[in-house]
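Taking it in order: structure first as C-alpha cells, then the write-up.
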Amino acid sequence: MSDALRELMKIQRDYFKPEEVAKVLGCHPQTIRIAVKKHPEKLGFRVIVIGTRIRIVRASFLRYMGVDEPDTETTFMLTKSAEPK
C-alpha cells in the first residue's frame, strides 16, 4: 500500500475530494474532474456531483484500490410509531 493511500485513509469523512484522490492515482485533479463530468461510469468508483462540486464516495474508492474497509453508509429504519400518519 502506498504512502499516499495510507494518508487518504486517515481522512475522517465519507467522501474524498478530487485533489486527494489524484495524489493516490498519480494524476492531476482536473483529470478526475473531467472524467467525472464526461464518463463517470468508466471510473470504477462512485461519485456524487452537486452543482460544480465533486465528491468521491470513500468506501467505493477504497474498494477500487483493493482496500476492504467496512461500508459506513448509514441506513435508517423507522419504527411503526415513527411512521407518518
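Numbers here simply count residues along the sequence, with the first being 1. This is a predicted model, so every value here is computed, not measured.
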Checklist entry - What distance do Leu25 atom CG and Leu5 atom CG have between them, rounded to the nearest 0.5 Å? => result 9.5 Å
Checklist outcome for this item: For Phe16, the ring pair (Phe, Tyr, Trp, His ring centres under 6.0 Å) test, sequence neighbours excluded, returns none
Checklist entry - If you round to the nearest 0.5 Å, how far is NZ of Lys23 from OG of Ser2? => result 12.0 Å
Checklist entry - What's the spacing between Glu20 CD and Tyr15 OH if we round to 0.5 Å? => result 8.0 Å
Checklist outcome for this item: Applying ring pair (Phe, Tyr, Trp, His ring centres under 6.0 Å) to Phe45 and not counting sequence neighbours gives Phe61, Tyr64
Next on the checklist: Can you tell me how far apart CZ (Arg63) and CG (Asp68) are? Round to the nearest 0.5 Å.
Outcome noted: 8.5 Å
Checklist outcome for this item: Smallest heavy-atom separation, Met9 atom then Arg58 atom, equals O-NH2, 2.9 Å
Item to check | Matching residue for Leu8 among Val24, Asp3, Val67 - test: side chain to side chain contact (heavy atoms under 4.5 Å, CB included) | outcome: Val24
Item to check | Among Val21, Val47, Ile54, side chain to side chain contact (heavy atoms under 4.5 Å, CB included) partner for Ile32 | outcome: Val21
Review item, side-chain donor-acceptor pairs of residues 33-43, under 3.5 Å, at least two apart:
unit_1: Arg33; atom_1: NH1; unit_2: Gln30; atom_2: OE1; d: 3.1
unit_1: Arg33; atom_1: NH2; unit_2: Glu19; atom_2: OE1; d: 3.0

Checklist outcome for this item: Shortest non-hydrogen pair, Pro29 vs Ala22, comes out as N-CB, 3.7 Å
